[in-house]
Amino acid sequence: MTIPDSTYMMENGSIELPCTPEEEARIIQELISKAESNLKQGNLYYVISNRWFMDWQRYIRKPLGAYPFNEHATESLPSLLPNSANRPGPIDNSDIIIREADSGDDDPQLLRTLEEGRDYVLVPQEVWEKLSEWYKGGPALPRKMISVGDAKQLSVEVFPLCLNLFDTRDKSHMALRLSKKASLHELYTIVCRLKEIAPEKAHIWDYFDKRKHTKLVASNQTLEDSNLQMDQDILLEVQPEGSLPSGFGFDSTGNDLALVPVEPLRSSVTIAGGPTLSNGFSTGYSSNAYQGSSLNSSYGDMEDGYDSLRPASKGERGGLAGLSNLGNTCFMNSALQCLVHTPPLVEYFLQDYTDEINRQNPLGMHGELALAFGELLRKLWSSGRTPVAPRAFKGKLGRFAPQFSGYNQHDSQELLAFLLDGLHEDLNRVKQKPYFETKDSDGRPDEEVANELWRYHRARNDSIIVDICQGQYKSTLVCPDCNKISITFDPFMYLSLPLPSTVTKTMTVTVFYSDGSGLPMPYTVTVLKHGYIKDLAQALEIACCLRIDEYLLLAEVYDHRVFRYFENPTEILNSVKDDEHIVAYRLPKRVAQLTRLEISHRYLEKCIIDSSKASERKLFLTPLVTFLEDPHNGADIDFAVHKVLAPLRRKAFISSAPGLKDGAENGSPLETIEVPMNSCTIQFGREGQSTECIDPVGNSSMELTFHLCLTDERGTNCRPVTKDTVIEPVRMQKVILDWTEKEYELYDASYLKDLPEVHKSGLTVKKTKQEAISLFSCLEAFLKEEPLGPDDMWYCPCCKEHRQASKKLDLWRLPDILVFHLKRFSYSRWLKNKLDTFVNFPIHNLDLSKYVKSTDLSESSHVYELYAISNHYGGLGGGHYTAYCKLIDDDRWYHFDDSHVSPVAELDIKTSAAYVLFYRRVKAQQNGVVGGSFQCHRSS
């Protein structure tokens, strides 16, 4: 028998009618809501290709909350998706898994370069089961929810830990995949089961970088806490019957690996250079790490590549060791190299800093981050160029900042911000922070207010990081209504500078008259790139000379229908993609009391190759929006359509419609609209009527000028409009205008086709890559006065209202170490963009004197020299970070590319990849000689 297209065959032979799109959306949304209300460790989630998932969402025309753990992921979805007539095929995850021709793996692996929201989505188990029931396909990619970090944040482990098991007996390799939250006991259980050996005979070693490190003892300690990394080796030794246990420096099997020495026991000196701590903070970071091991070392948690604790001083040619990439950790390596080559930090962490560790600070990390960073710095400054694998440091980072756990690429500046703040809190010398009530400036001299606030700040925040990295800027707010001026002085750790070419952008919008008084006209306006919809509307109002009794209704047009209306004035402009098509309809301000009429256009296409196929109605042209005043019947809609189309009327037919404004001077009477034919032709009925919209009950529709259909929100149901059709009083009415031969003769439809894109980004990118801007212009863009955004309103104490005040920043006090972050990346609901504009920055003699507003003559020099750069190459998805660092003592620059370190000429360090710039103050000394000496200002 023939099965209708709207059904499919079940496995048992029965035929099931699938749900409607609306019903599917409702069921899935209910399942998602239920899952989100029951989040807990161990829940199963499934990975689905975003390509298939977007097709399904287009089909149901509704984005769903399937991203409980990525708050930005849903921003990549529009608020209303265009309808797709076709139901998607089986679930297809083939584009996100590793394809191996001869692999019979029942557990397909995900590509490592995937990003959530861009390449895949995560759905709860119940949602997967329902979608799989409806659509079949696959393969299924289940993942467990785990708890990450000290804060026990829930997250789906998309990429489980992969370990390479090396068996010393036959030198075979085997890949093991298990959660990083699995225990060492579970690891032993899995290995012994696969290798069919007794647990008491198995000995597993951390074999990172093909080198024995620590024996892993079966315990409840997790693989993550054991510092095991993605794709690293672990070594299996099996004790033969009657032999001594392994661990004496030789492998009992007698193979070549027996010559690998076991790590020597460590001394009882702390990593900070002082005696062993007595309050539970032993020289190892984890007091219960590796318990029960006969080879347990108090340094079992320390960095790899450092065999013994050397005296805390710079080694010969120190500072030239690279950092191993542990899997997309180039961002971390770049930031760390810049920090460990900061002269005052080197001086500080090579000394005994144990007395300054603040273990009670609730804002800190119990001193553990400072200890881990200090130990890593000491490794890198010991003599030699052997690369260091920062496994212990990465483990601490993942504990206290779960956003940096795992193996995804991250932002080096975001990591830098976390590290500076975390190091400050761990090393804050203030144990009990005093309380101060800040006072308004009230006309007092700026110097007095600035010094008072700085004293308050230093009384609560006193660390090496504040000593060298924190400055102060002046913030001036002015109320636009009462002109109240508020002045505050705030500390800063670094300055995030916009690139001037990214401050503004041009946007092209086509404006339509809703009353038929003029032709549509595109306008290109300049707006703040990080502005709001209301800023775009205001710029368009000026450009198109909007009347005082009108307002602009902005909308996005997609696939010849209104995709969405921008009715929220505070929606950010970054939500508008460059290749979208935006229109604006001029409507009367009193439209709230009127009925808005949305008019879509349709033509009838008939396939001439296969005459057996039915004619198909297709949308084309740009929708129009007008208004109805107290509508009663179909004649009112017909008149409104007639009025809004009036400017498109061809000259040859103007005389037949007296009273209509002549607005089509530029149109050609003989010009006709082109429609996509694809071996098809437009078919008209008798007397030019579209055969798709013939009134089924008679010819009453012929009494109207146009062939119109009332439609619903989705545009699926279509009811012909007659003269006597009753129009219900609603806020918005949607109709479809079926074009016939008559409309093509009367109206020049070319004005309704080929909308311009919002922004021609390709031309702009080409221009900015050739363009060079200075660091000073970036700083001036940062300091210039600008209004606050609607989401950042200031409460005026005089007006007693929140006001959109203007804000002006000025530098007041500069630190010894000045960090500039160049804001190359912009984020929107669709894209993460990077600007490769070359910024010309000084290497020597960066003089900021004219930007510092303080008149305090005791203030130090405002001249700086560059000593480190964090670079980012490529795009956001597959980019790479490196660092340029200067060894001050050698007066030479080096390129740090993960584990590879090489000298680089000073002339070559200026590139368009420069992302974070590190400057140190050049301190004036006697006899006109400048120097770069630093002092760590410790409290007595």
Side-chain angles (χ1 to χ4, degrees), residues 335 338-339 342-345 348 413 416-425 427-430 436 438 441 445-476 487-498 775-776 778-784 807-823 841-842 845-868 870 916-924 932-939:
C338 292
L339 285 181
T342 298
L345 290 182
Y348 179 88
Q413 186 273 331
L416 175 70
F418 170 79
L419 288 179
L420 289 176
D421 187 63
L423 290 174
H424 158 64
E425 297 295 354
L427 298 170
N428 195 348
R429 305 172 187 119
V430 179
F436 296 100
T438 56
S441 57
D446 285 350
E447 295 286 350
E448 177 185 336
V449 179
N451 289 334
E452 177 184 90
L453 292 175
W454 187 248
R455 285 196 307 271
Y456 291 170
H457 176 68
R458 289 305 304 258
R460 295 172 56 84
N461 302 276
D462 184 16
S463 71
I464 177 63
I465 302 300
V466 176
D467 292 343
I468 66 172
C469 293
Q470 285 200 354
Q472 188 182 36
Y473 61 75
K474 174 185 176 182
S475 175
T476 305
I487 297 175
T488 59
F489 293 85
D490 301 305
F492 67 85
M493 195 94 73
Y494 52 87
L495 299 176
S496 291
L497 308 184
L775 182 65
F776 295 105
C778 297
L779 180 59
E780 288 161 4
F782 171 75
L783 297 174
K784 78 172 185 177
K807 183 175 184 178
K808 173 72 173 71
L809 297 178
D810 292 294
L811 299 181
W812 192 264
R813 188 188 312 266
L814 296 181
D816 286 344
I817 299 298
L818 184 57
V819 180
F820 291 110
H821 162 225
L822 303 178
K823 297 173 69 173
F841 48 89
N845 300 319
L846 170 64
D847 191 351
L848 300 175
S849 301
K850 73 173 184 176
Y851 299 102
V852 179
K853 300 305 179 184
S854 173
T855 58
D856 187 355
L857 298 179
S858 65
E859 179 72 18
S860 301
S861 164
H862 299 138
V863 179
Y864 289 81
E865 72 171 13
L866 188 72
Y867 72 89
S870 176
V916 185
L917 308 174
F918 293 77
Y919 284 88
R920 67 186 191 116
R921 191 196 303 274
V922 177
K923 296 188 176 182
S933 61
F934 292 88
Q935 297 295 328
C936 300
H937 310 293
R938 298 171 183 253
S939 298

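Count residues from 1 along the sequence.
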What's the shortest heavy-atom distance between [X] and [Y], and which atoms?
X: Cys338; Y: Ser870; value: SG-N, 3.8 Å
X: Trp812; Y: Ala450; value: NE1-CB, 3.1 Å
X: Ser463; Y: Leu427; value: CB-O, 3.5 Å
X: Lys823; Y: Pro498; value: CD-N, 4.0 Å

Drop me the distance from [X]'s [atom1] to [Y]'s [atom2], to the nearest 0.5 angstrom.
X: Leu917; Y: Leu822; atom1: CG; atom2: CG; answer: 5.0 Å
X: Tyr348; Y: Ile468; atom1: OH; atom2: CD1; answer: 10.0 Å
X: Thr342; Y: Arg920; atom1: OG1; atom2: CZ; answer: 10.5 Å
X: Ser854; Y: Trp454; atom1: OG; atom2: CH2; answer: 12.0 Å
X: His862; Y: Arg813; atom1: NE2; atom2: CZ; answer: 9.5 Å
X: Leu809; Y: Leu783; atom1: CG; atom2: CG; answer: 6.5 Å

**Message:** Before you tell me yes or no, could you show the steps for Met493 and Ile465 under side-chain contact (heavy atoms from CB on, under 4.5 Å), namely the whole-Å CA-CA distance, both residues' side-chain angles and the distance that decides it to 0.1 Å?
**Reply:** CA-CA 9 Å; Met493 195 94 73; Ile465 302 300; 3.5 Å; yes
Are the side chains of [Y] and [X] in contact, using a 4.5 Å heavy-atom criterion?
X: Leu416; Y: His821; value: no
X: Leu423; Y: Ile464; value: no
X: Val430; Y: Asn461; value: no
X: Val819; Y: Cys469; value: no
X: His457; Y: Gln472; value: no
X: Tyr494; Y: Val916; value: no
X: Leu811; Y: Leu495; value: yes
X: Asn845; Y: Val922; value: no

**Prompt:** Could you go step by step and tell me if Leu779 and Leu848 meet the side-chain contact (heavy atoms from CB on, under 4.5 Å) rule?
**Reply:** CA-CA 10 Å; Leu779 180 59; Leu848 300 175; 3.9 Å; yes
Can any side-chain N or O of [X] pair as donor or acceptor with the backbone N or O of [Y] at less than 3.5 Å?
X: Asn451; Y: Glu447; answer: yes
X: Asn428; Y: Asp462; answer: yes
X: Arg921; Y: Ser861; answer: yes
X: Asp467; Y: Asp816; answer: no
X: Lys808; Y: Ser475; answer: no

**Prompt:** Is a salt bridge present between Lys474 and Asp810, judged by a nitrogen-to-oxygen distance below 4.0 Å?
**Reply:** no
**Prompt:** Using 30° and 60° as the class limits, which term best fits the ring planes of Phe436 and Tyr456: parallel, tilted or perpendicular?
**Reply:** parallel
**Message:** Which residues pass the salt bridge (charged side-chain N to carboxylate O under 4.0 Å, His left out) test with Glu780, not counting sequence neighbours?
**Reply:** none
**Request:** Apply the test side-chain contact (heavy atoms from CB on, under 4.5 Å) to residues Thr855 and Asp446: give CA-CA distance (whole Å), side-chain angles for both, the deciding distance (0.1 Å), then the verdict.
**Result:** CA-CA 9 Å; Thr855 58; Asp446 285 350; over 6 Å; no
**Residue pair Phe776, Leu846: steps toward the side-chain contact (heavy atoms from CB on, under 4.5 Å) verdict** = CA-CA 9 Å; Phe776 295 105; Leu846 170 64; 3.6 Å; yes
**Prompt:** Just one of Phe492, Tyr919, Tyr851 clears the side chain to side chain contact (heavy atoms under 4.5 Å, CB included) bar with Leu814, so which one?
**Reply:** Phe492
